[in-house]
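The structure appears below as structure tokens.
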There are 2 protein chains.
Amino acid sequence: MARRGRRPTMVDVARRAGVALRTVSRVVNDDVTVGAELVERVRAAIADLDYRPDERARHLRLGVTGTLGAAVRQLSHVNPVLRAVERAARAAGLMVLAASTEDDEKIERHVVESMCRRRFDGILLEPIGADHGYLVPELAAGLSLVAVDRPVLGLEVDCVLSDNMAGIETAFAHLVAHGHQRIAYIGDDERIYTAQERATAFRACVRAHGGASAHMIHTGPIMPERIQAALESALSGPDAATAIITGNATLSVEVVRRFRDRTDDVAIVGFDDSELATLLRPDLTVVAQDDAAIGDTAITMLRTRIADPSTPVRKVTVPVTLRARGSGETPPKS
Amino acid sequence: MARRGRRPTMVDVARRAGVALRTVSRVVNDDVTVGAELVERVRAAIADLDYRPDERARHLRLGVTGTLGAAVRQLSHVNPVLRAVERAARAAGLMVLAASTEDDEKIERHVVESMCRRRFDGILLEPIGADHGYLVPELAAGLSLVAVDRPVLGLEVDCVLSDNMAGIETAFAHLVAHGHQRIAYIGDDERIYTAQERATAFRACVRAHGGASAHMIHTGPIMPERIQAALESALSGPDAATAIITGNATLSVEVVRRFRDRTDDVAIVGFDDSELATLLRPDLTVVAQDDAAIGDTAITMLRTRIADPSTPVRKVTVPVTLRARGSGETPPKS
DNA sequence: CGGTATCGGGATAACGTTATCTCAATCGGC
DNA sequence: GCCGATTGAGATAACGTTATCCCGATACCG
């Protein structure tokens with residue numbers, strides 16, 4: 001059929017069907033102004049040659065690519081939002097192509113710029129780092145971009161975030177309702193936006209609750225020794241914590257790992273749901289993000305912006321849910 | 001600078017720099033035959049206008065896109081191979097764009113065909129289902145494709161697989177070496193290639209070992225009730241199993257979940273390593289795939305085929321490693 | 001000083017589509 | 001039976017690049 005090395009083009013199809021190039025285009029695009037007999041001839045030629053339209057040329061001519069880019073922190077990690085994103089995009093007839101930024105500013109920039117040069121219709125970005133200046137000219141040139149999970153600091157860009165503050169407040173209130181007075185927080189590096197927001201919310205809770213203890217809040221990069229030390233600090237002394245809130249799924253794992261062999265009756269509420277939550281004893285109570293809503297919202301916002309770039313910038317906060325499973329309902333031991 | 005709505009093109013840059021279109025192209029592509037002064041003028045114009053080359057046009061003209069597609073089962077799941085793939089591709093100056101097939105034959109086909117129409121230089125595919133006939137014309141037209149994790153059944157296509165058989169043999173021998181005589185296997189749906197291969201390997205081990213018990217091997221779609229029943233069957237009666245091999249990471253989770261509250265001293269070896277493995281007590285002994293090697297190999301094979309499509313088809317098997325962590329070293333209880 | 005390498009850079013033609021314009025043929029109406 | 005409207009389909013010009021060709025100017029050599 002097709003000879004190896006070069007794919008057939010519309011010209012080849014037209015020649016074979018004995019029609020004009022333009023007619024092939026019309027058939028391919030289901031233009032109704034082509035006679036039934038010609039349509040048949042062209043279809044046959046397409047099948048004979050295994051013709052496949054070249055989207056590069058289509059997109060160049062059309063101006064749009066029907067493609068959205070997703071620049072996420074790590075493709076190899078679990079990312080439930082991405083599933084919702086792909087679903088919603090497919091329903092809209094758009095293709096999502098994803099790439100990792102590897103939590104590296106250089107790579108993020110490279111990925112986003114590559115997508116821009118490929119003229120993707122829009123980009124979903126989980127922004128990292130502080131300096132997103134490279135985005136300015138792209139946005140000025142008409143790039144449609146929606147930030148997910150974190151905002152693009154310093155730039156007026158659409159974003160969809162989880163309600164981190166409410167999540168921490170909910171967790172805190174839940175523990176208080178179960179009788180806890182001394183609650184500790186183990187969080188991630190506060191240079192990360194979400195970590196910073198959650199830690200801040202926790203501090204506000206402590207203040208509002210009247211309590212205050214320096215050894216009750218520990219944030220910083222995730223390292224086993226640091227977490228070990230933080231737990232030691234929080235759980236020792238006369239005013240030891242009776243409950244712990246962890247700042248994200250990775251920290252939940254690390255903290256739970258430390259508790260594996262202990263029998264302390266410490267209550268735990270984790271931020272972010274995960275597969276691990278129902279593996280533990282008792283099951284882990286978590287504050288869960290609404291992945292589906294985040295993904296759907298992100299795609300909706302992106303499509304809106306693509307359709308009308310003059311749409312006012314929106315910052316949407318998606319509610320979180322507390323899922324009580326046992327670990328957060330343990331009463332204080334003392 | 002750039003006026004909103006239309007991105008500047010080479011023509012705009014050329015006009016601004018007062019040079020010919022071709023000269024801008026030369027500067028962009030670092031052609032040495034351009035005088036230093038002109039290079040400067042062109043560079044300035046590019047900066048002024050925030051010019052970004054349109055890769056659609058470049059790719060169309062060049063014939064290649066410098067892009068590899070990765071069609072994986074689920075982007076939202078953990079997929080360590082993908083990280084190695086992205087790394088290796090980046091090192092080679094190629095961009096990897098990934099999309100989910102959602103374990104759905106229809107979607108797989110749609111994704112692969114979309115990548116073909118976009119004229120990606122090559123595709124990495126985790127094939128699902130049985131019928132990959134749609135690939136035949138694409139391959140004939142020169143598509144470079146490498147199957148990962150599973151082969152494309154019925155088609156002569158490059159593939160890189162884990163050594164499933166050796167993995168099961170290693171796990172089995174490990175348990176035998178620790179004194180186990182009655183070993184059970186809980187596996188996934190045998191319509192899945194890897195599940196079928198692992199189950200077959202297990203059956204061979206049982207035969208070679210002289211043992212044989214129908215209630216020792218249970219495969220089928222992953223459903224909690226089925227797994228519960230399988231465990232009941234394997235662990236009851238006078239010839240109850242003293243050790244279990246699980247067929248993949250998901251099954252390890254499900255099985256371990258059942259054991260959470262029991263105190264049976266059953267040894268467990270899981271197929272696939274995961275974050276969960278070191279959360280348990282004792283830590284889970286696993287047969288781990290070499291994700292980095294799989295990813296690197298896949299990219300190397302794909303690049304080789306792209307460079308020379310007449311390269312003979314290769315099927316590479318990557319060794320697996322047993323990671324003894326405790327759960328697989330438990331002696332038989334009786 | 002004339003002829004020929006050498007070099008820098010411009011005109012023009014692809015790459016494979018789609019959109020605009022044009023035109024021939026058919027049809028209906030008075 | 002003639003004219004305007006309608007329909008089907010071809011010629012041609014973009015889209016934004018890169019590659020081929022070519023030409024003018026300088027440099028070098030005999």
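Order of the sequence lines sets the chain letters (A, B, ...), proteins ahead of strands, with each chain counted from 1.
Take A/D30 and apply the salt bridge (Lys or Arg N to Asp or Glu O under 4.0 Å) test, not counting sequence neighbours, and it matches A/R43. Every side chain to side chain contact (heavy atoms under 4.5 Å, CB included) that B/R87 has, sequence neighbours left out, goes to A/E102, B/R83. Under the rule for a side-chain hydrogen bond (donor to acceptor under 3.5 Å, both in side chains), the partners of A/R109 that lie at least two apart in sequence or sit in another chain are A/E113. Among residues two or more places apart in sequence or in another chain, the side chain to side chain contact (heavy atoms under 4.5 Å, CB included) test is passed with B/T67 by A/R118, B/T65, B/L97, B/F120. Qualifying side chain to side chain contact (heavy atoms under 4.5 Å, CB included) partners for A/H110, counting only residues two or more places apart in sequence or in other chains: A/S114. Remark: A/R303 pairs with no residue by the salt bridge (Lys or Arg N to Asp or Glu O under 4.0 Å) rule, at least two apart or across chains. With sequence neighbours left out, the side chain to side chain contact (heavy atoms under 4.5 Å, CB included) criterion links B/R61 to no other residue.
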Notebook entry, point to check: Do A/S25 and A/M10 pass the side chain to side chain contact (heavy atoms under 4.5 Å, CB included) test, and can you show the C-alpha distance, the side-chain angles, and the key distance before you say yes or no?
Noted result: CA-CA 7 Å; A/S25 172; A/M10 274 194 175; 3.8 Å; yes
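Between A/E86 and B/L75 the shortest side-chain heavy-atom distance falls below 4.5 Å. Side-chain atoms of B/R7 and B/R52, non-hydrogen and from C-beta on, do get closer than 4.5 Å to each other.
A/S25 comes within contact range of at least one nucleobase, with a heavy-atom separation under 4.0 Å. Looking at heavy-atom distances under 4.0 Å, A/V11 makes no contact with the nucleic acid at all. Nucleic acid contact class of B/L38 (heavy atoms, under 4.0 Å, all strands): sugar-phosphate only. Nucleic acid contact class of B/V28 (heavy atoms, under 4.0 Å, all strands): none.
Of all nucleotides in DNA chain D, those with any atom nearer than 4.0 Å to a heavy atom of chain A start and finish, going 5' to 3', at D/dG8 to D/dG16.
Contact check of residues 53-64 of chain B against DNA chain C (heavy atom, cut-off under 4.0 Å) returns B/L60, B/R61.
Under 3.5 Å, the side chains of B/E105 and B/H132 contain no donor-acceptor pair of N or O atoms. Judged purely by distance below 3.5 Å, without hydrogens or angles, the side chains of B/Y134 and B/E138 never pair a donor atom with an acceptor atom.
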Measure all distances between protein nitrogen or oxygen atoms and nitrogen or oxygen atoms of nucleotides 20-22 of chain C, and list the pairs falling under 3.5 Å.
| unit_1 | atom_1 | unit_2 | atom_2 | d |
| --- | --- | --- | --- | --- |
| C/dT20 | O4 | A/R22 | NE | 3.2 |

Please tabulate, one pair per line, all N/O donor-acceptor pairs under 3.5 Å involving side-chain atoms of residues 144-158 of chain B, not counting sequence neighbours.
| unit_1 | atom_1 | unit_2 | atom_2 | d |
| --- | --- | --- | --- | --- |
| B/R150 | NH1 | B/P127 | O | 3.2 |
| B/D158 | OD1 | B/R305 | NH2 | 3.4 |
| B/D158 | OD1 | B/R314 | N | 2.7 |
| B/D158 | OD2 | B/R305 | NE | 2.4 |
| B/D158 | OD2 | B/R305 | NH2 | 3.2 |

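Comparing the axis of the opening five pairs of the helix from C/dC1-D/dG30 to C/dC30-D/dG1 with that of the closing five pairs yields an angle of 50°, rounded to 10°.
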